[in-house]
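What follows is one structure encoded as structure tokens, with my remarks underneath.
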Amino acid sequence: MRHLATGLLATGLVMTAAAPALADGQATLEAQSDQGGVTMNVRWAGENLRMDFPGQSQAGFMLLRDGKGYLVSQVQGQTMVMDMAKLKDMAENMGGSEVETITGKQASRVDALEATGDSESIAGLEGDVYRLQWTDKNGSAHDDELVLSDDPQVLELMSAFHDYQRSMTGESDPIATTLEERGLGMLRFGDRFRLAELSDASPAPDIFELPEDAKSFEDMMRSAISE
């Protein structure tokens with residue numbers, strides 16, 4: 001059970017960024033992590049966000065609604081809805097090196113963010129190349145290349161991700177906050193994250209609904225313990 005909790009937490013911490021969400025849109029993102037590459041289809045409307053993972057049906061989908069982050073997935077043929085904030089607390093209470101590794105890689109502070117003077121075109125958008133120096137919660141220093149844009153829709157997308165991250169951790173991300181203060185959104189973060197497609201098409205409202213017949217993570221744990 002510990003590995004399930006920490007694995008789901010890692011999935012929820014793929015990336016973060018910032019700015020106030022205002023409108024609707026859809027995007028395709030490509031991300032890299034220690035677990036390999038993943039493609040995410042993201043749809044948002046106002047403060048609601050949904051992330052799906054094409055080709056990885058077992059991953060389910062992530063949902064942000066009413067200020068709360070959820071993971072909806074199939075476990076042993078049963079639809080399960082997990083509150084990501086509760087899942088994080090549960091994983092931390094279980095302890096273990098997996099949780100420490102995940103949380104330790106989160107940013108603790110931004111040390112410097114400077115434009116290089118170069119530019120790069122990503123997903124049809126022209127962005128400026130920046131050098132970001134930051135320190136994680138383990139105290140390790142990082143030096144990454146970012147491509148940033150002040151495109152309003154990019155800011156909206158990044159805002160939705162930051163809201164999801166805050167719904168899980170209860171705190172703001174220093175990198176996201178720094179970008180928000182400068183009015184910038186992220187097109188690329190080193191080789192970890194890249195925007196592949198961006199559209200202003202409005203998603204169907206019903207995709208942000210939670211399934212009615214689902215069990216909570218707590219329900220599944222109680223069933224597993226009683227068996």
Nearest non-hydrogen partners of [X] and [Y], listed with the distance:
X	Y	answer
L63	R65	CD2-CD, 3.8 Å
D24	S202	OD2-OG, 3.1 Å
L125	V154	CD1-CG2, 3.5 Å
P211	T79	CG-CG2, 3.8 Å
D150	L155	O-CD1, 4.0 Å
P203	A45	CG-CB, 4.3 Å

Task: Qualifying ring-ring contact (aromatic ring centres under 6.0 Å, His included) pairs with a residue from residues 60-84, counting only residues at least two apart or across chains - done: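 Residue pairs with at least one partner in residues 60-84: there are none.
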Tell me, do [X] and [Y] make a side-chain contact under 4.5 Å, heavy atoms counted?
X	Y	value
L132	E145	no
V147	M186	no
F53	M62	yes
H162	T177	yes
S73	M82	yes
R194	L187	no
L148	R182	no
F193	E30	no

Task: Worked check of side-chain contact (heavy atoms from CB on, under 4.5 Å) between Q74 and M80 - done: CA-CA 6 Å; Q74 293 287 322; M80 181 168 62; over 6 Å; no
Between [atom1] on residue [X] and [atom2] on residue [Y], distance to nearest 0.5 Å:
X	Y	atom1	atom2	value
E114	Q133	CD	CD	6.5 Å
L157	L29	CG	CG	5.5 Å
L113	I175	CG	CD1	9.5 Å
S199	Q153	OG	CD	6.5 Å
E209	N48	CD	CG	8.5 Å
L64	M51	CG	CE	8.0 Å

Task: Check: D136 side chain, N138 main-chain N or O, donor-acceptor pair, under 3.5 Å - done: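 Checked: pair present.
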TODO: Please state whether the rings of H142 and W134 are parallel, tilted or perpendicular, taking 30° and 60° as the class boundaries.
DONE: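 Parallel, since the angle between the ring planes stays under 30°.
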Task: Qualifying residue, where the test is side chain to side chain donor-acceptor pair (under 3.5 Å) with R131 and the options are D144, D143, T116 - done: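 For R131, the side chain to side chain donor-acceptor pair (under 3.5 Å) check succeeds only for D143.
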- [ ] Would you check, one step at a time, whether the test side-chain contact (heavy atoms from CB on, under 4.5 Å) holds for E120 with V129?
- [x] CA-CA 7 Å; E120 185 175 326; V129 179; 4.2 Å; yes
Task: Of D151, T28, I122, the residue whose pairing with L198 passes side-chain contact (heavy atoms from CB on, under 4.5 Å) - done: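 Among D151, T28, I122, the one that satisfies the side-chain contact (heavy atoms from CB on, under 4.5 Å) with L198 is D151.
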- [ ] Establish, from distance only, whether the side-chain atoms of E126 and S149 form a donor-acceptor pair under 3.5 Å.
- [x]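 No donor-acceptor contact under 3.5 Å links the two side chains.
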